[in-house]
Amino acid sequence: MAKIDLDKFKTAWQQGSPTAGPLLTDREIQTFMHATSKHILVRFRRGLVFDIGFKAVLLAFALVLAFLMPCTTGWLVFCAIVVLLLGGGIGWQLRTLRQIPRQDPGARSTLDLLRQYIAFYYRHYYRAMLVMAGSSVFFFLTGSLYYLYFKYGGIPPVHWDDLLVLGIGLVLSFSLSAVAQIWQGNFQIRQLEERVQEIGEQSLSADSLDTQRSKMLRNAVLIGIALIAGLLLFLYLIYQYI
Amino acid sequence: MPGPSTIAQEFIARIRQHEGILHKVCAVYAHSKADREDLQQEIILQLWKSYPAFEGRSAFSTWMYRVALNTAITFTRKAAFFQEYTESLAAAADVGTTMESSEDLQLLYRAIAKLNKVERALILLWLEEKPYQGIADTLGLTEKNVSVRLVRIKAKLANIIETMQ
């Protein structure tokens, strides 16, 4: 045991100030009061709102394209699927937006806040990231279709190698966006989990975190399988009817 | 009923009155100048947003500590390449050197920087002589747990200071 008199340091603490610089001015405090928060939940909300707007724009572009292209049954089915997916995505994101927990650092304990944020992350964050990554797919797809429209006035006959390029483009646009966002999310949630472990909380022990992680992984795999199946169906539709 | 500008003026006056809390929490949790500014801004923003819910059941300083510590502990960094390296360099260069204070205080801040975030909160509230029940309420621990952990953390802090001297 160290023979250090901590009371001496306690007195220094109570008498001293940690800052040598000027104190905050009224104007600085006022600016900070209305600044943009860098809190994870606020960043998440901002990203979600931006993506809802982005999907709405893509939806408008897709609807315009639906009327521009020569009308066939296959094309109409394809457009209906795109509109449904984009509309469904927007609806789901609006619901998620309402479920973002309210920040209340004055009324809750640190442990309560950490539990609330971690629970939100595991319940909604990863799914939201996958839905957000879906926007890149529709961006790539709409962009490609506009390119074909302006170059050929419609969709020219497609061969298997065209579909392969399109498929790779779609998979890449989805996975690059999803991986980047999930990597960022993991980095942030790890910091929150470390805080919970520092508090030494038993109810959110390593076991329970492992359970949550494996549940999240299972969900991600299921969503991934559903997306790949959807992509194959989509390519089949293009090949068969357009 | 006071208007919004009156409430804002009252809030600013209270923050200025307890500005020391803000500087202490930021000095304990952020080691580079940029991090300190970010945290200072976030704490003031959270204080302002939570201010309408402050009912005066506890002292303003107690409430301010709670908001400031909760914000500092749950404030996460964004992932970036090379961030940890640049941060550790900044921390090594910055902690304690910008203080216009006694050697003891500078040493104390450098030692506190070696504790984890929750330990820092506990020791900070102990240094401020907050009652154990208040510390327990702020962090979500039991009073007994606070007492046991403070014994350990004080021993750890004393060891760190001894090594640094």
To the nearest 0.5 Å, what is the distance between [atom1] on [X] and [atom2] on [Y]?
| X | Y | atom1 | atom2 | value |
| --- | --- | --- | --- | --- |
| B:Ile44 | A:Leu24 | CD1 | CG | 5.0 Å |
| B:Thr74 | A:Ile40 | OG1 | CD1 | 7.0 Å |
| B:Tyr109 | A:Phe9 | OH | CZ | 13.5 Å |
| A:Lys38 | B:Leu45 | NZ | CG | 11.0 Å |
| B:Asn70 | A:Leu114 | CG | CG | 8.0 Å |
| A:Ile29 | B:Gln40 | CD1 | CD | 9.0 Å |

Which pairs of donor and acceptor atoms, one on a side chain in residues 131-140 of chain B, lie under 3.5 Å apart (sequence neighbours left out)?
residue  : atom : partner  : partner atom : Å
B:Gln133 : NE2  : B:Asp137 : OD1          : 3.1
B:Thr138 : OG1  : B:Gly134 : O            : 2.9

Taking A:Glu198 for the side chain and B:Lys117 for the main chain, is one N or O donor matched with an acceptor at less than 3.5 Å?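 Such a contact is found between A:Glu198 side chain and B:Lys117 backbone.
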
Please examine the side chains of [Y] and [X], heavy atoms only from C-beta on, and report whether any two atoms are closer than 4.5 Å.
| X | Y | value |
| --- | --- | --- |
| B:Arg66 | A:Pro105 | no |
| B:Lys49 | A:Arg102 | no |
| A:Thr110 | B:Leu69 | no |
| A:Leu111 | B:Leu141 | no |

Let's go through A:Gln191 and B:Phe75 carefully: what are the C-alpha distance in whole Å and the side-chain angles of both, what is the deciding distance for side-chain contact (heavy atoms from CB on, under 4.5 Å) to 0.1 Å, and is it a yes or a no? CA-CA 9 Å; A:Gln191 293 174 60; B:Phe75 197 64; over 6 Å; no

Using heavy-atom distances under 4.5 Å, tell me whether [X] contacts chain A through its side chain, its backbone, both, or neither.
| X | value |
| --- | --- |
| B:Glu119 | neither |
| B:Gln41 | both |
| B:Tyr51 | neither |
| B:Leu115 | neither |
| B:Ile73 | both |

Which residue out of A:Asp112, A:Asp26, A:Leu113, A:Thr11 racks up the most heavy-atom pairs below 4.5 Å with chain B?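 That would be A:Asp26.
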
Out of A:His34, A:Arg195, A:His39, which one racks up the most heavy-atom pairs below 4.5 Å with chain B?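 Counting heavy-atom pairs under 4.5 Å, the top option is A:Arg195.
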
Can you tell which of [options] has the highest number of heavy-atom pairs within less than 4.5 Å of chain A?
| options | value |
| --- | --- |
| B:Leu107, B:Ile123, B:Ile161, B:Leu122 | B:Ile161 |
| B:Asp104, B:Val28, B:Val67 | B:Asp104 |
| B:Tyr65, B:Trp126, B:Phe54 | B:Trp126 |

Does the ring center of B:Trp48 lie less than 6.0 Å from the ring center of A:Phe32?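 When the ring centroids of B:Trp48 and A:Phe32 are compared, they turn out to be at least 6.0 Å apart.
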
Just checking B:Arg14: does its CZ atom have more than 12 heavy atoms from other residues, nucleotides or ligands closer to it than 6.0 angstrom?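 Count over threshold, so yes.
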
For A:Phe54, I'd like to know if atom CZ has over 12 heavy atoms of other residues, nucleotides or ligands within 6.0 Å.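 It does: A:Phe54 CZ has more than 12 such atoms within range.
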
With a 4.0 Å cut-off, would you call B:Glu129 and A:Lys10 a salt bridge?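 Yes, this pair counts.
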
side-chain contact (heavy atoms from CB on, under 4.5 Å) between A:Gln30 and B:Ile12, worked out: CA-CA 7 Å; A:Gln30 211 150 21; B:Ile12 292 170; 4.1 Å; yes

